[in-house]
2 protein chains.
Amino acid sequence: MSERKKRKPGETREKLMSAVLSLVSKGRHFASLGIREVTRQAGVVPTSFYRHFRNMDDLGLQLVDELGLVLRRMMREARENVFQADKLIEESVGIFVSHAQANRSFFLFMAQGLAGESRAIQDGIRSEMRYFATELANDLRRLKLADHLSDGDLEMTCDLVVRSVAFSLTDLMGISAEDEYQVEQIRKRTCRFLQLIFVGAAHWDNKGP
Amino acid sequence: MSERKKRKPGETREKLMSAVLSLVSKGRHFASLGIREVTRQAGVVPTSFYRHFRNMDDLGLQLVDELGLVLRRMMREARENVFQADKLIEESVGIFVSHAQANRSFFLFMAQGLAGESRAIQDGIRSEMRYFATELANDLRRLKLADHLSDGDLEMTCDLVVRSVAFSLTDLMGISAEDEYQVEQIRKRTCRFLQLIFVGAAHWDNKGP
DNA sequence: CACTCATGTGTACAGTCGTACACAATGTGT
DNA sequence: ACACATTGTGTACGACTGTACACATGAGTG
């Protein structure tokens with residue numbers, strides 16, 4: 001139970017996970033990747049794979065965990081940088097887009113996993129999205145921006161927001177990262193989506209059941 | 001250039017496409033399917049595949065075409081059955097859910113293809129969604145339900161509607177088709193999403209650029 | 001009839017797959 | 001210093017893969 005002082009503990013593990021992300025950003029789908037292919041990309045012998053993962057789904061699940069970290073970092077940055085309520089949407093979407101560009105492979109993996117082959121990975125990603133929606137609801141409450149909404153209605157609104165942003169994610173992933181014009185189009189369009197949703201939320205009066 | 005009277009023209013072709021759908025509904029991802037696996041499921045010899053498709057992506061593209069037919073059938077039924085404007089959302093979502101159940105494998109394929117491996121299939125499905133949004137916009141114009149919206153804003157609203165429904169689709173595909181309770185939950189939640197969006201659209205005044 | 005054409009079958013091959021096993025290197029606790 | 005646990009390597013095997021080729025069938029056309 002002492003400290004590990006190996007030269008590079010878990011180095012191959014990281015190489016394998018990076019290899020998957022790298023293949024995914026090259027256009028491959030996670031479900032079509034095999035152990036040999038991943039180890040080849042990582043520059044390791046196939047047998048090494050089993051030292052760290054039981055199978056590809058196991059690796060995918062651990063990628064979902066790391067994805068969670070990325071998302072939390074993004075949320076923290078958004079919380080630190082969004083001060084004025086009237087720019088809330090623009091700022092948040094901007095941060096989201098830049099994170100999606102900076103961690104393209106992670107978000108690509110996320111988009112794929114939502115309708116992927118492994119139920120466990122699907123559930124993991126869905127759970128991350130639910131957590132995100134909950135945190136968003138907390139923030140809106142804290143900023144007194146949703147006082148007239150019931151808890152259930154606020155939760156629904158945030159859920160819709162997260163889904164819309166997630167769908168914009170698949171738009172982003174469909175274009176090349178360098179196409180500034182298209183990125184800007186998607187950014188603006190996502191902002192308008194969210195504005196529309198928030199206008200709806202602002203005028204939402206016990207219309208729900 | 002005369003009429004073909006072969007016993008069963010294109011029979012194997014259909015068997016191959018059905019085989020893919022069948023494998024997809026069993027939980028497999030399209031990107032992970034191989035030619036041999038598909039032909040085995042179809043009860044045909046592997047070489048027969050090439051008589052009808054150049055590769056798996058080609059087959060996928062033709063599945064997208066058939067998916068288009070399914071979507072158009074659904075839209076027609078919605079147009080025929082939705083009379084009163086106040087029940088428009090409930091009726092439409094109900095028709096959507098029942099179609100998604102009846103053609104589960106097609107919609108599963110669609111959900112997968114949105115973030116799939118083949119760019120061509122992605123674009124095909126995206127194009128189907130765009131068509132759908134446009135038709136929806138036409139209907140709303142025709143029913144005089146969006147008179148205060150500019151064309152661009154109406155298009156955006158319909159796009160958001162279609163995206164929200166498409167995301168509900170992945171919810172639907174994640175549960176077992178027999179779980180009536182969960183299906184009902186998703187149905188209700190989708191209705192609330194759309195209601196929120198339409199409330200937003202109703203109060204939308206040149207807030208856009 | 002013989003022909004062509006579309007379709008389906010059988011065989012074959014080289015490459016890849018997942019994974020089991022024995023072994024080497026190296027850092028850790030006694 | 002010793003044995004141990006962890007991590008990485010090399011080899012091996014049977015199953016599966018995509019696809020090329022030659023051939024069989026049967027319908028439509030001359």
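So you know, we letter chains A, B, ... as the sequences are listed, proteins then strands, and number each from 1.
- A/I125 and A/G113 make their closest contact through CD1-CA, 3.6 Å (heavy atoms, listed as atom of the first residue, atom of the second, distance).
- Taken residue by residue, residues 53-66 of chain B places no heavy atom nearer than 4.0 Å to DNA chain C.
- Using a 4.0 Å heavy-atom criterion, one finds that A/R13 contacts no nucleic acid atom at all.
- A salt bridge links A/R142 to A/D139: at least one charged side-chain nitrogen sits closer than 4.0 Å to a carboxylate oxygen.
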Could you pull out the protein-nucleic contacts involving nucleotides 10-15 of chain C (nitrogen or oxygen on both sides, under 3.5 Å)?
| from | atom 1 | to | atom 2 | distance (Å) |
| --- | --- | --- | --- | --- |
| C/dG10 | O6 | B/T47 | OG1 | 2.7 |

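- When the options B/E135, B/E66, B/E128 are evaluated for a salt bridge (charged side-chain N to carboxylate O under 4.0 Å, His left out) with B/R72, the one that passes is B/E128.
- The two atoms that bring A/S168 and A/I186 nearest to each other are O-CG2, 4.1 Å, heavy atoms only.
- Of the candidates B/D159, B/L145, B/L140, B/L140 is the only one forming a side chain to side chain contact (heavy atoms under 4.5 Å, CB included) with B/L154.
- At whole-Å resolution of the value, CD in A/E37 and P in C/dC17 are 6 Å apart.
- Following rounding to the nearest Å, A/Q41 (CD) and C/dC17 (P) show an atom-to-atom distance of 13 Å.
- Taking side-chain N and O atoms only, B/H52 has no distance below 4.0 Å to OP1 or OP2 of C/dA6.
- Following rounding to the nearest Å, A/I35 (CD1) and D/dA15 (P) show an atom-to-atom distance of 19 Å.
- One atom, CZ of B/R40, and another, P of D/dG18, lie 9 Å apart when rounded to the nearest Å.
- Ion pairing between a basic and an acidic side chain is recognised when a charged N comes within 4.0 Å of a carboxylate O; B/R130 and B/E155 show no such pairing.
- Scanning for salt bridge (charged side-chain N to carboxylate O under 4.0 Å, His left out) contacts around A/R13 gives an empty result, with sequence neighbours left out.
- The ring pair (Phe, Tyr, Trp, His ring centres under 6.0 Å) analysis of residues 97-120 of chain A, with sequence neighbours excluded, yields the pairs A/F30-A/F109.
- Remark: the backbone N or O of B/I35 is paired with a side-chain donor or acceptor of B/T39 at under 3.5 angstrom.
- When base pairs are accepted only as Watson-Crick or G-U wobble with both N-N or N-O distances under 3.5 Å, DNA chain D takes part in stems of 3 or more pairs at C:4-28 with D:3-27.
- The CD atom of A/E11 sits 14 Å away from the C1' atom of C/dT26 (whole-angstrom rounding).
- Here salt bridge (charged side-chain N to carboxylate O under 4.0 Å, His left out) pairs that include residues 31-41 of chain A, with residues two or more places apart or in two chains, are A/R28-A/E37.
- Atom-to-atom, NZ of A/K15 to P of D/dT9 comes out at 7 Å; the value is rounded to the nearest Å.
- Distances shorter than 4.0 Å separate none of the side-chain N or O atoms of B/S48 from OP1 or OP2 on C/dT7.
- The cationic group of A/R163 does not satisfy the cation-pi geometry with A/F193, failing either the under 6.0 Å distance to the six-membered ring centre or the 45° limit from the ring axis.
- Spacing between atom CZ of B/R51 and atom P of D/dA22 amounts to 13 Å, rounded to whole angstrom units.
- Across all strands shown, B/Y50 has heavy atoms under 4.0 Å from base atoms, whether or not it also approaches the sugar-phosphate.
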